[in-house]
Amino acid sequence: MPPRDRLDLATKDLDPPVAVVDLDAFDRNAADLVRRAAGRPIRVASKSVRCRRLVERVLRRDGFEGVMSYALPEALWLTRTWAGTDLADTDILVAYPTADHSALRALAADDNARRLVSLVVDSVEHLDLVDAALGADHPEIRVCLELDVSWRPVLGNSRVHIGARRSPVFTARQASRLAEVIAARPGFRLVGLMGYEGQIAGMGDNPANPVLGAVLRWVQRGSARELVRRRAAAVRAVSTRAPLEFVNGGGTGSIEVTGADPSVTEIAAGSGLIGPALFDRYTRFHPEPAVLFAVPVVRKPARGVATLFGGGYIASGPAGRDRLPQPHLPEGLALLGMEGAGEVQTPVTGPAAAELRVGDRVWFRHAKAGEPAERFTEYHLVEGDRVVDVAPTYRGEGHTFG
């Protein structure tokens, strides 16, 4: 059965807007991530999923261990929810610094959470903030040092910076100094080191512009060569200050590159489970679209145009056309340049638009993996041509973590 017919049949009794997870595609994507990781455990990046049932589904597969959380309240909620289940011992790395005093107090008061949750830090100021929230005599908090793994191709000059602006800790010496401070400071235990090579993992190497694609591939090769040496030096330096339980790196887009680094013990990934539109621009892998949403046709203003209700679910990041949701089914649809995807209406054009009728539905892919879960309170789980279950998103369970 053609994909559009299958999805329309599965959701025929549901009124759009509606979001679905194709479980067969989701599971195949999970298996492909494990294949690409070649034996390295994958830590699930929850920000790219934002649906507890899906996170649990993948954690129960071989090859996946632990969660990379994006907020401390999220990590606390997961530990509470999983207490007494087969996931009760799942360790969680909060991979973005927190300034949430109430969440820090909740962490300090929860023995089980302190056993499982690690907080990322990249400066003494982060330690000071924890002390300010909890008092100087607080219980021991697990922390992970974040290394800036961007590329500075001009002799390490910080003004020529290719990659995400994250940690101020760039060199092995800087990492060693901070690790020394952490190791000597009461109330903290250094357990890990992480780094997100966004210039490799988060930038597709096959954009529409072939010249840009060649430049990106050159950047990624050069960055990977430099990073293997620098990250290994940082791991050696930090390990003299504290025994490391894990060294985390990568993302869906850099699994093979990161996995080739012998200093890395685990790889973070999440978007590859979902297959969002931004991940069409990679040559190394091709995840299947697993999360789709449908909006209905409500107008036919001209023969070659169909106007849809809503659909303006714009992705975060630098503003541009690649942050718009992409019409997926039926094939042969495109957004209008003058309107794009709108708050209350989204016109589409193209060969397929002439055949659409009022009441038909158009299936979209979001540009990013986790953000549809901020628009929908539930995902309808589809196997074949049937909805087999309904899973609330984080928002559907009453949580928005940022």
Test log, rule side chain to side chain contact (heavy atoms under 4.5 Å, CB included), inputs E355 and D360:
CA-CA 10 Å; E355 306 303 319; D360 288 348; over 6 Å; no
[Y] side chain reached by [X] side chain, heavy atoms, under 4.5 Å:
{"X": "V358", "Y": "V298", "answer": "no"}
{"X": "Y379", "Y": "P372", "answer": "yes"}
{"X": "E378", "Y": "T393", "answer": "no"}
{"X": "V264", "Y": "F246", "answer": "no"}
{"X": "D27", "Y": "R61", "answer": "yes"}
{"X": "L33", "Y": "L273", "answer": "yes"}

Is it true that [X] and [Y] have a side-chain N and a carboxylate O under 4.0 angstrom from each other?
{"X": "R231", "Y": "D261", "answer": "yes"}
{"X": "R165", "Y": "D148", "answer": "no"}
{"X": "R80", "Y": "D110", "answer": "no"}
{"X": "R28", "Y": "D24", "answer": "no"}
{"X": "R166", "Y": "E146", "answer": "yes"}

Is a side-chain donor or acceptor of [X] paired with a backbone partner of [Y] at a separation under 3.5 angstrom?
{"X": "H138", "Y": "L134", "answer": "no"}
{"X": "R40", "Y": "I267", "answer": "no"}
{"X": "S176", "Y": "A172", "answer": "no"}
{"X": "E397", "Y": "Y394", "answer": "no"}

If you draw the axis of the six-membered ring of F170, does the NZ or CZ of R230 fall within 45° of it and under 6.0 Å from the ring centre?
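Yes, R230 lies over the aromatic ring of F170.
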Checking R375 against F293: charged group under 6.0 Å from the ring centre and within 45 degrees of the axis?
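Ring-cation test returns no.
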If you look only at distance, which donor and acceptor atoms sit under 3.5 Å apart when one is on a side chain in residues 179-191 and the other is two or more places apart or in another chain?
{"residue": "R185", "atom": "NE", "partner": "D131", "partner atom": "OD2", "Å": "3.2"}
{"residue": "R185", "atom": "NH1", "partner": "D128", "partner atom": "OD1", "Å": "3.1"}
{"residue": "R185", "atom": "NH2", "partner": "D128", "partner atom": "OD1", "Å": "2.7"}
{"residue": "R185", "atom": "NH2", "partner": "D131", "partner atom": "OD2", "Å": "2.7"}
{"residue": "R189", "atom": "NE", "partner": "E140", "partner atom": "OE1", "Å": "3.0"}
{"residue": "R189", "atom": "NH1", "partner": "E245", "partner atom": "OE2", "Å": "3.4"}

Strictly by side chain to side chain donor-acceptor pair (under 3.5 Å), give each pair with a member in residues 309-325 just once, sequence neighbours left out.
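Applying side chain to side chain donor-acceptor pair (under 3.5 Å) to every pair that reaches into residues 309-325, excluding sequence neighbours, yields S316-K368, S316-E371.
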Centre-to-centre under 6.0 Å for Y282 and F279, is that the case here?
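Yes, ring centres under 6.0 Å apart.
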Centroid-to-centroid, H366 to F364, below 6.0 Å?
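Aromatic pair excluded; centres sit 6.0 Å or further apart.
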Other residues, nucleotides and ligands only: do more than 12 of their heavy atoms fall within 6.0 Å of [atom1] on [X]?
{"X": "D62", "atom1": "CG", "answer": "no"}
{"X": "F285", "atom1": "CZ", "answer": "yes"}
{"X": "R115", "atom1": "CZ", "answer": "yes"}
{"X": "R173", "atom1": "CZ", "answer": "no"}
{"X": "R105", "atom1": "CZ", "answer": "yes"}
{"X": "E339", "atom1": "CD", "answer": "yes"}

If you take all heavy atoms of Y70 and S46, which pair is closest and at what distance?
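Here Y70 and S46 meet closest at CD2-OG, 3.7 Å.
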Test L23 against V382 for side chain to side chain contact (heavy atoms under 4.5 Å, CB included), laying out the working first.
CA-CA 6 Å; L23 289 178; V382 173; over 6 Å; no
